[in-house]
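Presented below is the structure to which this report refers.
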Amino acid sequence: MTKPGDRSLYLEMLRRMLLIRKFDEAAVELAARREIVGAVHAYIGEEAVAVGACAALNDDDYITGNHRSHGHPIAKGASVDRAMAELFGKRTGYCKGKGGSMHLADFSVGILGEAGILGSALPVAVGAALASKLRKETKVSMPFFGDGASNEGACHESMNLAAIWKLPVVFVCENNQYAIVKNVRDLVAVQHIADRAAAYDMPGVTVDGQDVLAVYEAVGAAVARARAGQGPSLVECVTYRYFDHAEGMGRLLTEPYRDADEVEKWRQRDPIAIHRAWLLDGGYATAEELDAIEKDAAAAIEAALEFARTSPEPDPSELFDGLYTNPIAADRY
Amino acid sequence: MTKPGDRSLYLEMLRRMLLIRKFDEAAVELAARREIVGAVHAYIGEEAVAVGACAALNDDDYITGNHRSHGHPIAKGASVDRAMAELFGKRTGYCKGKGGSMHLADFSVGILGEAGILGSALPVAVGAALASKLRKETKVSMPFFGDGASNEGACHESMNLAAIWKLPVVFVCENNQYAIVKNVRDLVAVQHIADRAAAYDMPGVTVDGQDVLAVYEAVGAAVARARAGQGPSLVECVTYRYFDHAEGMGRLLTEPYRDADEVEKWRQRDPIAIHRAWLLDGGYATAEELDAIEKDAAAAIEAALEFARTSPEPDPSELFDGLYTNPIAADRY
Amino acid sequence: MAELSFSAAITEAIKHEMRRDPSVFLMGDSVRSGIYGVTGGLHAEFGDDRVLDCPASETGFVGAAVGAAAAGMRPIVTSQCAFMWVAMDQFVNQVAKMKYMFGGQATLPVVYRMGISYANSLAAHHTDRPHPIYMNIPGLKIVMPTTPADALGLFKTAVREDDPVLFCEDSTVMRTRGEVPEGDHTVPLGVAAVRREGTDVTIVAVGGMVQRSLAAAEQLAAEGISVEVIDPRSLVPLDTEAILASVAKTGRFVAVDSANKTCSVASELCALVAQEAFRSLKGPVQRVASLMVHPPFSPVLEKLVYPDEGKIVEAVRRTMG
Amino acid sequence: MAELSFSAAITEAIKHEMRRDPSVFLMGDSVRSGIYGVTGGLHAEFGDDRVLDCPASETGFVGAAVGAAAAGMRPIVTSQCAFMWVAMDQFVNQVAKMKYMFGGQATLPVVYRMGISYANSLAAHHTDRPHPIYMNIPGLKIVMPTTPADALGLFKTAVREDDPVLFCEDSTVMRTRGEVPEGDHTVPLGVAAVRREGTDVTIVAVGGMVQRSLAAAEQLAAEGISVEVIDPRSLVPLDTEAILASVAKTGRFVAVDSANKTCSVASELCALVAQEAFRSLKGPVQRVASLMVHPPFSPVLEKLVYPDEGKIVEAVRRTMG
Ligand SMILES: Cc1ncc(C[n+]2csc(CCOP(=O)(O)OP(=O)(O)O)c2C)c(N)n1
Ligand SMILES: Cc1ncc(C[n+]2csc(CCOP(=O)(O)OP(=O)(O)O)c2C)c(N)n1
Ligand SMILES: [Mg+2]
Ligand SMILES: [Mg+2]
């Protein structure tokens with residue numbers, strides 16, 4: 001339940017959604033003009049999911065992400081400076097330039113990293129939850145994954161393991177209804193991905209992923225359950241990506257896969273606009289206050305760009321750094 | 001629905017169950033005294049599953065099996081001679097000695113082979129069903145797998161693929177309640193493995209696996225559905241293995257995993273005894289007739305043993321045979 | 001003779017084979033669309049049943065393809081090697097073993113198109129070069145063309161093969177353009193191509209390394225070192241005779257491979273030559289392969305990982321010296 | 001000095017490390033029971049939380065182990081290499097890459113016990129020897145002991161390592177008995193053991209091949225050929241110095257590996273020696289490895305597949321002649 005006393009939380013939600021939006025607007029632009037290289041998968045349109053879900057977590061709880069994961073770390077509290085620097089492959093980036101866009105991580109705030117391979121991080125998230133349980137801690141682990149990734153075997157195994165071991169895991173499925181160019185209806189046999197929770201005797205709910213508070217409440221209930229030792233849950237957030245799968249991919253399409261109307265319809269349910277309106281309606285803040293938050297977010301991303309651009313490239317001597325904790329003469333092999 | 005007119009089918013069911021029972025009694029004994037080598041996983045106690053399920057199939061329908069798979073090919077109509085010879089590793093065996101106990105196959109009657117790796121044959125079975133659908137045939141594909149194997153990712157992927165493509169697959173889960181020494185309760189989160197069918201929007205039923213007619217009816221309904229183009233089903237057959245996981249494994253146990261009472265309780269529900277009683281009760285045959293069937297089955301296994309024992313070993317020159325259809329100089333590499 | 005890109009040559013081969021044989025069909029992730037190149041547009045001609053989009057269930061569809069092959073179809077599966085790790089059991093235990101284990105009963109005409117993508121700033125999860133790993137597994141045939149003509153000819157051969165073929169598509173050659181013969185052009189497996197003749201050193205280079213080796217050879221020619229460059233075209237079967245014959249002539253050997261160095265194709269070839277052409281060798285064999293580190297995202301770092309012209313030139317000099 | 005079997009030595013090492021460090025725990029298929037040997041009985045001492053049976057969900061539990069390690073635990077995972085193909089993505093993309101890809105943030109103290117079972121008539125699905133495949137993947141450390149003392153000492157080192165270690169247990173040495181030092185005996189990674197000194201030929205043999213090579217050496221000694229047998233003990237890191245020093249002395253080299261020959265450790269070692277010790281070589285390097293075929297069930301056929309004393313002797317003669 002949302003409480004009037006949570007004003008600062010509600011404003012912080014807006015701020016983080018705006019940070020993600022502006023971060024990814026910048027990322028798409030940078031990629032389009034080849035100022036950054038590699039793949040960029042924009043999270044634009046889906047911000048309420050990461051922000052609502054992470055708002056239910058503590059700093060020392062764990063998350064893992066996927067290829068479309070600039071939003072998750074920002075929602076969890078990562079620095080936009082270091083995230084942006086990573087997109088530039090700079091030494092000041094979270095992964096010192098080793099990871100790039102698809103592999104942000106900040107272990108200091110529980111972000112155990114992102115996987116470019118679908119489903120691959122789910123077992124890792126389950127393992128973090130296992131560690132939490134074995135040490136009698138109450139840390140919760142939250143893997144984010146897409147509708148497409150839900151078809152990987154790793155997903156099944158992870159859910160069953162979490163269920164039989166009653167681990168503190170909240171599986172957050174971001175059903176943006178597409179896997180690259182395929183509609184979820186053609187790839188998943190059930191109506192709601194949350195229906196699959198029944199196969200593991202765990203709660204499964206489908207929630208409006210454009211409503212940050214709805215996500216926050218559904219995920220919050222699952223987190224509370226997990227923290228109380230009652231085991232895992234699956235929360236499916238129905239959302240939408242405004243852009244094509246990855247920057248530049250639109251040009252490669254030989255057949256359209258969705259129509260402009262559909263995109264327009266979803267843009268009318270923009271998560272930031274919805275939350276902004278709710279804040280105004282509820283009298284939580286004035287339009288000026290919200291505009292100021294937006295301006296601050298824009299400034300933070302400008303600063304992040306500046307930070308990233310002026311940061312040094314990694315030095316060739318750093319190539320092998322981080323491969324092992326206790327290095328071997330890897331260049332010998 | 002069983003029909004009185006199916007007498008010959010009911011008798012054939014008894015015969016095949018007896019063939020499997022006696023085949024595996026022989027196999028266990030052979031393994032115990034090291035007349036045959038390798039692993040032997042007895043199907044004893046579970047015969048009604050393979051026989052009831054395969055009775056619902058045509059010769060050109062497909063099955064795949066697992067490590068505990070002497071029963072499946074025999075139920076599908078394979079020759080006990082060639083199956084036994086394969087357990088002996090002889091050239092006259094189904095796989096010319098290359099496969100052994102865990103890898104029987106007889107493509108001529110749709111037995112696409114058995115996998116020692118849990119879950120590994122399920123995608124293959126799905127592929128056979130895909131071929132059937134693409135060629136507009138009505139052949140059905142039936143992978144057999146255990147409660148343990150149901151936790152493999154391959155299982156999830158196979159079921160979802162079959163469901164979205166509406167393939168003619170009948171997934172037959174042999175829930176003998178144990179995976180080696182672990183009870184299904186500790187490994188699977190749901191009460192019934194059939195409950196997992198809900199995750200793929202396909203019918204899932206749990207049936208008494210000791211009652212060959214119950215299996216036949218449940219599987220028959222699923223086969224009819226598949227043949228009619230209505231897609232896959234999951235049939236869970238609850239059964240029990242009388243012996244330990246594999247011949248010789250009992251000796252290695254450091255903790256008991258089930259108690260003698262439980263085994264005894266299940267032995268009271270022996271599938272062969274149940275079917276025999278039903279045949280007598282229903283007046284389908286006299287005790288003498290049934291004894292004769294049993295005697296014939298015993299004789300067939302004796303003959304198979306003789307065939308296997310007197311068959312030649314493979315010749316060293318055959319080592320590379322069958323590796324490729326269009327051979328390369330594999331010994332060159 | 002038409003000029004085609006490498007990628008368009010594969011499209012041509014697929015079309016040709018699908019028209020020729022109704023049991024040939026295409027399956028994989030997003031094959032209807034053109035987002036991974038090559039297969040876009042085929043759906044319009046061949047329809048739903050022959051151009052089948054798959055969910056991200058690689059274990060499922062890699063295995064389904066070989067199952068369909070066992071049941072009489074001839075599937076062409078499209079994917080990236082980076083996504084095939086999740087399906088590794090199906091390659092090892094079904095695709096590669098099924099025929100042998102069942103005494104030869106199965107016939108498995110299936111082609112797996114494996115995109116091998118590197119030098120793209122896609123970071124470690126999307127940048128594998130696992131061909132040596134597949135070479136360690138008996139029962140597979142493995143092709144790695146480097147020219148449009150070979151891509152066309154080898155692809156058609158692969159589809160007509162009755163054994164599983166991994167058709168490796170090196171991302172660094174996908175855009176190469178070149179002449180492609182008219183007619184039903186095919187190229188047999190197991191026959192290497194000599195890309196440049198030479199007398200002082202033999203280089204055998206795999207996939208995209210052929211181009212870099214030719215560039216190195218050019219540079220070395222200026223110094224008076226005559227380099228022969230051999231493109232094996234298929235890794236299994238491998239044209240060992242051509243390789244050994246060249247070394248018998250030159251007496252010096254360099255193997256160039258984009259894969260991680262330890263247990264690479266470069267290692268395999270050097271071992272082969274040092275074992276079977278030892279008496280011809282006038283200098284140490286040389287491996288030029290990727291450093292034993294994951295490809296980092298940073299372009300500044302990533303380019304250090306792979307063999308390049310400079311490293312190849314150095315290796316040739318080492319074996320000369 | 002106590003006498004222990006190889007298998008009991010691992011049990012001792014696990015017990016020792018679990019007593020020493022509460023963050024060490026055991027997980028895998030049927031680890032409470034003794035059915036795969038080694039771990040039976042540990043549950044009685046350490047209880048449910050530290051001896052965790054897993055379902056047949058290898059992708060799940062292989063990944064969960066590395067996730068638990070990233071979160072501060074020190075898991076020991078028990079399995080068979082034959083069952084690890086289904087979890088290959090977790091090894092390649094998480095266990096091996098996670099630390100590097102995240103710029104070194106992760107610390108991953110996890111040991112994977114890999115049973116490498118062969119020569120058991122278990123047929124192709126249960127008879128893999130994939131260690132060269134894992135060697136091709138940067139980021140892993142790989143150990144393969146051959147004596148009870150090394151099993152004990154290397155296992156303890158593996159548990160204390162802050163990097164992922166694959167601890168390969170060759171089924172053909174599990175029953176070997178031998179002396180094991182008292183006290184907190186450990187063996188460092190990357191230091192080879194000379195199992196027999198010799199002057200004419202160097203054999204480097206992996207795992208169970210050490211015993212077969214020693215037998216061959218014995219036989220050859222009678223013919224007046226003096227063979228040095230080196231057991232690398234860990235494959236990553238590899239003691240290349242010891243190997244090259246031995247070849248510098250003997251001038252002849254044979255590598256013996258149970259793996260499939262193409263891209264095997266034998267290939268890797270021969271390439272290494274032919275590249276770096278070429279000037280010392282007096283004869284061709286020799287690979288003795290498994291034939292490129294799947295292990296058939298038939299014992300008559302299966303034994304043809306692996307290196308044996310006879311094949312090793314022949315290889316030594318070839319390099320001498
Ligand atoms: C194992 C694997 N298979 C295929 C891919 C290629 N791929 C990248 S993203 C993607 C679609 C993912 O869809 P979804 O999980 O719904 O995430 P979204 O992109 O919609 O956020 C695919 C198929 C991959 N990265 N990994
Ligand atoms: C992928 C894989 N993991 C583990 C094993 C080891 N194993 C062999 S049989 C078995 C239990 C199988 O249980 P179930 O599927 O219920 O079949 P059952 O033996 O009960 O008939 C296990 C874990 C295996 N063969 N393959
Ligand atoms: Mg999606
Ligand atoms: Mg079972």
Query raised in the report: Quick one: of A:Ala163, A:Gly231, A:Ala199, who has the most non-hydrogen atom pairs under 4.5 Å with chain B?
Result: A:Ala199
Query raised in the report: Side chain, backbone, both or neither: which part of A:Gln191 has an atom under 4.5 Å from a heavy atom of chain B?
Result: neither
Query raised in the report: Checking side-chain contact (heavy atoms from CB on, under 4.5 Å) for the pair B:Leu253/B:Met249: CA distance, chi angles, key distance, verdict?
Result: CA-CA 7 Å; B:Leu253 291 170; B:Met249 202 162 260; 5.6 Å; no
Query raised in the report: Quick one: of B:Asp195, B:Val188, B:Leu161, who has the most non-hydrogen atom pairs under 4.5 Å with chain A?
Result: B:Val188
Report task. Enumerate by number any residue of residues 117-148 of chain A whose heavy atoms lie under 4.5 Å from heavy atoms of chain B; in the absence of such residues, state 'none'. Result -> none
Please output the side-chain donor-acceptor pairs of residues 164-174 of chain B that fall under 3.5 Å, not counting sequence neighbours, one pair per line with the distance.
{"from": "B:Glu174", "atom 1": "OE1", "to": "B:His72", "atom 2": "NE2", "distance (Å)": "3.1"}
{"from": "B:Glu174", "atom 1": "OE2", "to": "B:Tyr43", "atom 2": "OH", "distance (Å)": "2.4"}
{"from": "B:Glu174", "atom 1": "OE2", "to": "B:His72", "atom 2": "NE2", "distance (Å)": "3.0"}

Report task. Would you check if the side chain of B:Gln177 reaches a backbone N or O of B:Thr239 as a donor-acceptor pair within less than 3.5 Å? Result -> yes
Query raised in the report: Atom CE of A:Met102 and atom SG of A:Cys95: how far apart are they, to the nearest 0.5 Å?
Result: 12.5 Å
Report task. Please name all residues satisfying side chain to side chain contact (heavy atoms under 4.5 Å, CB included) with A:Asp261, sequence neighbours left out, ordered by chain then number. Result -> A:Asp259
Report summary line: Hits for side chain to side chain contact (heavy atoms under 4.5 Å, CB included) against A:Ala198, two or more places apart or cross-chain, chain-then-number order -> none
Query raised in the report: Within 45° of the ring axis of A:Tyr178 and under 6.0 Å from its six-membered ring centre, is that where the NZ or CZ of A:Arg258 lies?
Result: yes
